[in-house]
Amino acid sequence: MKHILHALFLSVTVALTATQNIPHNDAYQTDTLGRSAETCGDPTDALPFYRAIVPQSSVPMRYFYSSNLTVTNTGIKGGWNLQAVACLVFITQEESTVPFIRLDGADGEFIYTANTTELENALLNGFTIPAVDPETFVYPTQICGSVPFYHLRNAATKVNFYTASTAEMQVFNANGYSTIGIAGYVLPVGCTECE
Ligand SMILES: *[C@@H]1O[C@H](CO)[C@@H](O)[C@H](O)[C@H]1NC(C)=O
Ligand SMILES: *[C@@H]1O[C@H](CO)[C@@H](O)[C@H](O)[C@H]1NC(C)=O
């Protein structure tokens with residue numbers, strides 16, 4: 001718990017820094033790995049992607065992810081359980097990023113993907129794309145200091161779970177969740193490789 005609070009505190013700092021539009025230095029523009037402002041998003045623009053447990057009346061709880069603090073705070077007041085900052089995402093389409101799309105299915109199922117094949121399959125299977133404000137963007141491949149955002153699913157309960165932590169993935173794998181694939185590539189919380 002202490003750990004989560006620490007992460008949340010850090011993330012709020014990140015959010016405030018980003019929203020205040022503080023001019024930042026251009027140190028990120030090039031580094032030894034050859035990343036540059038021309039090919040990567042600016043990591044100082046990345047915002048927390050909050051993960052909450054959303055109770056449902058007729059189906060099992062769902063995990064819900066949002067970069068919108070207003071939506072998340074309203075949800076918490078309405079009974080959501082804020083769990084963690086799952087990762088960092090962009091809310092404008094920065095260099096080399098692609099839309100990270102939320103799809104809503106029957107039974108209140110939520111999936112998130114940057115993979116166009118998965119997106120098309122979901123649309124064919126009755127999922128719809130809700131209006132999400134703000135839209136989020138991630139990398140389509142592992143570039144610019146990004147890490148895999150793993151998609152896990154419990155087939156019995158139709159609960160989807162996403163994590164950038166391989167340790168967390170293993171815990172879920174041991175508790176009924178299968179790893180479906182990689183939803184997209186995100187910046188890790190507290191990332192040090194992407195500056
Ligand atoms: C995208 O999704 C499809 C279908 O799930 C999968 O076969 C493919 O490997 C995925 N592509 C990437 C780049 O992960
Ligand atoms: C967040 O959600 C609120 C409420 O739906 C909306 O008014 C606002 O435009 C959204 N976007 C941001 C960036 O806060």
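Both backbone and side-chain heavy atoms feed into the values below; hydrogens, waters and symmetry mates do not. Atoms within a ligand are numbered from 1 in the order they appear, just like the ligands themselves.
Shortest contact from atom 4 (C) of ligand 1 to any protein heavy atom: T117 CG2, 3.9 Å. For atom 5 (O) of ligand 2, the nearest non-hydrogen atom of the protein is V71 CG2, 4.1 Å. Looking only at heavy atoms of the protein, atom 3 (C) of ligand 2 is closest to N68 ND2, 3.6 Å. Regarding atom 8 (C) of ligand 1, its nearest protein heavy-atom neighbour is N115 ND2, 3.8 Å.
Legend: side chain to side chain donor-acceptor pair (under 3.5 Å) pairs involving residues 52-65, not counting sequence neighbours: none detected.
You'll find the side chain of L119 reaches within 4.5 Å of the side chain of I129, heavy atoms only.
Ligand 1 has no N or O atom lying under 3.5 Å from any N or O atom of N121, backbone or side chain.
For the residue pair T92 / D45, no side-chain donor-acceptor distance below 3.5 Å is found, with atom types taken as modelled. The closest side-chain donor-acceptor pair between N68 and S66, if any, does not fall under 3.5 angstrom.
Evaluated for a ring pair (Phe, Tyr, Trp, His ring centres under 6.0 Å) with Y112, the options F137, F127, Y162 yield exactly one hit, Y162.
Protein heavy atoms are found less than 4.0 angstrom from atom 11 (N) of ligand 1.
When the heavy atoms of I91, T70, D133 are ranked by distance to atom 9 (O) of ligand 2, first place goes to D133.
With sequence neighbours left out, N154 forms a side-chain hydrogen bond (donor to acceptor under 3.5 Å, both in side chains) with T157.
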